[in-house]
Amino acid sequence: MSIYDTLNEQQKKGVFTTKGPVLILAGAGSGKTRVLTHRIAYLIESMGVNPWNILAITFTNKAAGEMRERVDKLVGYGSESIWVATFHSTCVRILRRYIDKIGYGNSFTIYDADDSKSVMKDVCKKLDIDTKMLKERTILSAISSAKDNLITPAEYDRTAAGDYTKRKISAAYTEYQSLLNKNNALDFDDIIVKTVELFKSCPDVLENYQNRFQYIMVDEYQDTNMAQFELIRLLAAKNKNLCVVGDDDQSIYKFRGANIRNILDFEIVYPEAAVIKLEQNYRSTQNILDAANAVIKNNAARKDKALWTDEGAGNRIHFRSFDEAHEEADYIAGDIRRKKRELVSDYRECAVLYRTNAQSRLLEESFIGLNIPYNVVGGVNFYARKEIKDILAYLKTIDNGKDDLAVKRIINVPRRGIGAASIDRVQAYADSNGISFFEALSQIDSIPSLAGSKSGQKLKDFNTMIRGFRTRLEFCPLEELITDVIETTSYVKALEESDDEDAKDRIENIDELITKLVSFEQEKEEQGEKATLSEFLEEVALVADIDGVGSDDNKVLLMTLHSAKGLEFSQVYLAGLEEGIFPSYMTISSGDLSELEEERRLAYVGITRAKDDLTITYAKKRMIRGETQYNAVSRFVREIPESLLDNSLPSNNVREDSYDDASYERGLFKTKPFNAGDANNWSAAENYLNSYSNRNAKREKLSDTVFDNPSQESVSSLGRKKDISEILVSRPKAVARKKETPSANKPYIAKSLEGITKGMPTAAAPEYQTGDRVRHIKFGDGTVLNIEKDTRDYKITVDFDEYGNKIMYAAFAKLKKLPN
DNA sequence: CGTACTAGTCTTTTT
DNA sequence: GACTAGTACG
């Protein structure tokens with residue numbers, strides 16, 4: 001009996017086809033990790049391949065760790081020399097050795113999104129870019145997508161001619177790169193981009209790795225972007241033993257540059273590729289699979305396939321609807337408690353999945369209320385916390401003196417009397433002498449405005465302190481360094497003395513960081529290596545939220561649908577299945593059908609996480625960003641045949657609650673909406689009001705008083721002046737009454753089913769024709785290629801200048817005709 | 001130079 | 001509702 005006997009025919013094919021390019025299309029739960037691990041085992045044991053020559057690439061450290069562990073169990077020896085790693089850590093390892101060949105120092109720093117944003121802020125200031133018009137975020141995401149597609153600043157600039165915004169972005173891109181280079185730093189995208197650049201400019205380095213990686217496997221191939229594809233293509237060019245595994249139906253990272261064409265076109269790039277389809281599912285019951293199949297088949301752009309299982313039909317999908325979001329959360333928590341009590345399942349077998357991180361809050365409250373242990377994956381990353389970033393900035397400063405960002409972050413943290421003025425003076429000196437900020441600190445006496453001054457002395461002291469740490473780094477273990485940093489800077493002491501109410505948490509976080517550093521150091525020691533500071537900082541920079549999640553703790557897991565990819569649970573709850581939440585409002589209003597398809601794939605991912613039971617919940621009413629929204633049941637739920645659900649769907653009537661002119665005209669309100677600045681409807685008005693009061697817990701009090709007794713007095717007695725009274729004067733009483741009795745006697749408008757799921761029932765013919773130039777709020781200008789009348793609406797194909805071809809529904813896309 | 005308070009923004013998803 | 005950048009003041 002061999003280890004391969006338990007595999008099905010298709011899986012065996014995947015394992016035994018070792019030569020040349022192989023594409024494994026693996027449906028959810030079809031055992032792709034099993035195929036990959038057995039394939040590695042087969043290569044080593046039967047094909048005599050040296051483990052050293054195998055490269056397996058995954059997207060998360062967690063996946064990499066699991067793969068190594070499973071190979072270890074199968075092979076028993078040699079698995080430690082297989083290179084199993086994520087794209088990013090693979091590239092960092094390569095760059096640490098060779099990046100000096102392309103103009104960086106080998107001890108480069110890795111910038112996270114926060115750091116990138118700080119750099120971009122400087123860039124905007126320097127280039128005089130008005131960040132009100134063009135946000136840092138926008139620029140950064142344009143740069144990021146350029147990098148995903150391996151477009152250099154110079155190339156970007158060539159496409160920018162004639163477009164004002166693009167020219168600005170182009171200038172920012174160039175400046176941003178030069179700043180990163182000056183700081184000897186790479187952002188996330190650079191890690192891949194620079195490796196490709198290295199391979200292209202140093203054929204000998206590439207060849208070195210081509211010879212090493214004779215067999216390459218890539219997991220989650222559907223989520224690779226252009227740059228990652230190119231990286232793999234280069235590495236595999238010599239031996240061509242490239243096996244990619246993926247599922248086009250689970251491609252959910254397009255927003256991050258993932259190119260679904262990489263998997264759809266694999267056979268075009270490698271015509272000799274063997275293609276293997278895994279469709280038998282070993283995870284879920286047939287009912288769950290039927291639901292998943294029913295949803296995903298509404299996507300047009302996909303390879304046709306359908307999951308099936310040998311197992312029985314199982315329970316029907318549980319569907320529950322609620323009036324309020326907190327009732328939904330209470331139900332989920334209560335249901336999990338029930339399952340635990342009735343011994344149906346333990347906490348660790350349950351997961352709650354949602355579309356946006358913000359949805360976790362209500363769930364957490366309910367879990368705390370019922371005393372159910374839980375873990376939230378994601379949200380605020382541990383390493384993104386202020387105190388952690390501060391300590392890390394010290395370590396970065398010690399490790400790489402060129403990282404100006406890190407130095408400036410901590411030069412006055414904790415407070416040591418160094419202000420903005422001094423910092424600017426040092427920076428000016430550094431700039432005019434072409435040296436780094438930290439270097440300039442060593443030359444304080446040469447800076448006229450600082451030499452001999454009080455401020456100058458403080459700067460010198462800081463410099464001396466850092467140098468002291470550097471000396472310590474040479475002779476002491478990392479653990480001593482970090483405790484020395486915390487001691488010498490009095491960081492924790494300052495926290496203890498501060499009136500920061502989170503001080504205790506922050507100190508605990510710092511202790512946690514020390515623990516992580518110590519265990520990192522020990523691990524290295526066990527492997528017979530000495531841990532370096534750079535390695536630690538790099539590991540820390542590349543951790544994903546999901547990496548730390550283990551099954552050791554008996555806790556319910558709460559996470560976004562994105563984080564859940566690749567995981568499975570006996571009991572899965574999909575919460576917030578509402579139009580506008582999932583699919584998100586952004587997706588619906590963009591009118592782009594391909595974005596809607598990506599959301600649908602996300603729904604498919606969610607459904608297929610469940611092994612035994614799937615519970616879908618819906619809340620009619622929900623607070624989003626302090627605004628109450630009323631949403632219809634998600635179209636994805638309606639795509640599931642009702643026979644698979646244990647409850648019928650609620651009628652699709654949605655309460656129309658906006659206090660706007662349109663509602664007024666329909667006779668919903670007796671008074672016309674007021675206008676105070678932007679506040680022209682109920683939600684906006686409430687928001688407007690809140691912005692004055694939400695801080696000091698006066699909010700509730702203020703609002704209530706205001707609504708009960710809308711007089712000038714009640715406002716001024718709370719210490720508020722001018723604008724509020726303006727609102728009050730113009731605020732109609734109807735609004736105030738609304739607030740008191742939110743659900744009673746409110747008129748409902750029945751929006752027809754067509755209205756929700758099928759676009760507008762009576763769509764007017766668009767004002768533009770084929771060939772016309774049109775403008776889209778998100779995709780910019782483009783040319784209409786085709787207009788097609790559909791049963792529901794007009795399907796418009798537009799060739800956008802910047803985004804290429806998009807097919808969209810006229811009713812949602814709201815295209816504006818431009819003069820020809 | 002440091003603090004306290006205000007106003008605006010944000011959120012869709014993340015290696 | 002949370003976070004943060006900006007600002008006025010001590």
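Letters A, B, ... are given to chains in the order of the sequence lines, protein chains preceding strands, and every chain is numbered from 1. Everything numeric here is computed off the predicted structure, so don't read it as measured data. Every heavy atom of this structure was used, including side-chain atoms; hydrogens, water molecules and symmetry mates were not.
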What's Y253(A) touching, base or sugar-phosphate or nothing? Going by heavy atoms closer than 4.0 Å.
sugar-phosphate
NA contact type, T86(A), heavy-atom cut-off 4.0 Å: base, sugar-phosphate, or nothing?
nothing
Rounded to whole Å, how long is the line connecting atom NZ of K254(A) with atom P of dT14(B)?
17 Å
For K458(A) and N61(A), find the nucleotide of DNA chain B closest to each by heavy atoms; which residue's nucleotide sits nearer the 5' end?
K458(A)
Taking the side chain as every heavy atom from C-beta outward, state whether F229(A) and N259(A) have any pair of such atoms under 4.5 Å apart.
no
Would one find a side-chain N or O of K565(A) under 4.0 angstrom from OP1 or OP2 of dT14(B)?
no
Separation of dG1(C) P from L362(A) CG (nearest whole Å):
11 Å
Pick out the pairs of N or O atoms, protein on one side and nucleotides 2-4 of chain B on the other, that lie under 3.5 Å.
unit_1	atom_1	unit_2	atom_2	d
dG2(B)	OP1	G417(A)	N	3.4
dG2(B)	OP2	N412(A)	ND2	3.3
dT3(B)	OP2	R415(A)	NH1	2.3

Just checking A113(A): base, sugar-phosphate only, or nothing, at a heavy-atom cut-off of under 4.0 Å?
nothing
When we call it a touch if two heavy atoms are under 4.0 Å apart, what does E599(A) touch: a base, just sugar-phosphate, or nothing?
base
If you compare every side-chain N and O of S584(A) against the phosphate oxygens of dT13(B) (OP1, OP2), does one of them come in below 4.0 Å?
no
Quick one: label K117(A) by what it contacts on the DNA or RNA (base, sugar-phosphate, nothing), any heavy atom closer than 4.0 Å.
nothing
Under 4.0 angstrom between S563(A) side-chain N/O and dT13(B) OP1 or OP2
no
Side-chain heavy-atom pair N412(A), R415(A) within 4.5 angstrom cut-off
yes
By ring-ring contact (aromatic ring centres under 6.0 Å, His included), F87(A) pairs with (sequence neighbours left out) F59(A)
Quick one: do K254(A) and S594(A) satisfy side-chain hydrogen bond (donor to acceptor under 3.5 Å, both in side chains)? Show the steps, please.
CA-CA 10 Å; K254(A) 194 177 124 193; S594(A) 76; 3.0 Å; yes
Describe the nucleic acid contact of N357(A) in one word from base, sugar-phosphate, nothing, applying a heavy-atom distance below 4.0 Å.
sugar-phosphate
Work out how far the P atom of dT4(C) is from that of dT13(B), and round it to whole angstrom.
16 Å
K62(A) has an atom NZ; how far is it from atom P of dT15(B), in whole Å?
13 Å
Quick one: E220(A) CD to dT14(B) C1', roughly how many Å, whole number?
14 Å
Is any side-chain heavy atom of T86(A) less than 4.5 Å from a side-chain heavy atom of L542(A)?
no
With side chains defined as the heavy atoms from C-beta onward, is the minimum distance between R416(A) and D461(A) less than 4.5 Å?
no
Which is true for F255(A) with a 4.0 Å heavy-atom rule: it touches a base, it touches only sugar-phosphate, or it touches nothing?
base
Classify the nucleic acid contact of R137(A) as base, sugar-phosphate or nothing, counting any heavy atom under 4.0 Å across all strands shown.
sugar-phosphate
Ring of F382(A), cation from K516(A) - is the NZ or CZ under 6.0 Å from the centre and inside 45° of the axis?
yes
Test applied, side chain to side chain donor-acceptor pair (under 3.5 Å); reference residue, N262(A); option that passes from D223(A), D248(A), T224(A):
T224(A)
Report the distance from atom NZ of K135(A) to atom P of dC3(C), rounded to the nearest whole Å.
20 Å
With nearest nucleotide decided by heavy atoms, which residue, R361(A) or K386(A), maps closer to the 5′ end of DNA chain C?
R361(A)
Relative to the 5' end of DNA chain B, which residue comes earlier, M586(A) or F188(A), by the nucleotide with the nearest heavy atom?
M586(A)
I252(A) atom CD1 is separated from dT14(B) atom P, nearest whole Å, by 9 Å
Could you pull out all residues at least two apart from R622(A) that satisfy side chain to side chain contact (heavy atoms under 4.5 Å, CB included)?
A325(A), E328(A), Q359(A), E578(A), I581(A), A619(A), I624(A)
In whole angstrom, what separates R256(A)'s CZ from dT12(B)'s C1'?
14 Å
Nearest-Å distance for atom pair OH/P, residues Y354(A) and dT11(B):
17 Å
Look at all strands and tell whether S422(A) reaches a base, only sugar-phosphate, or nothing, counting heavy atoms closer than 4.0 Å.
sugar-phosphate
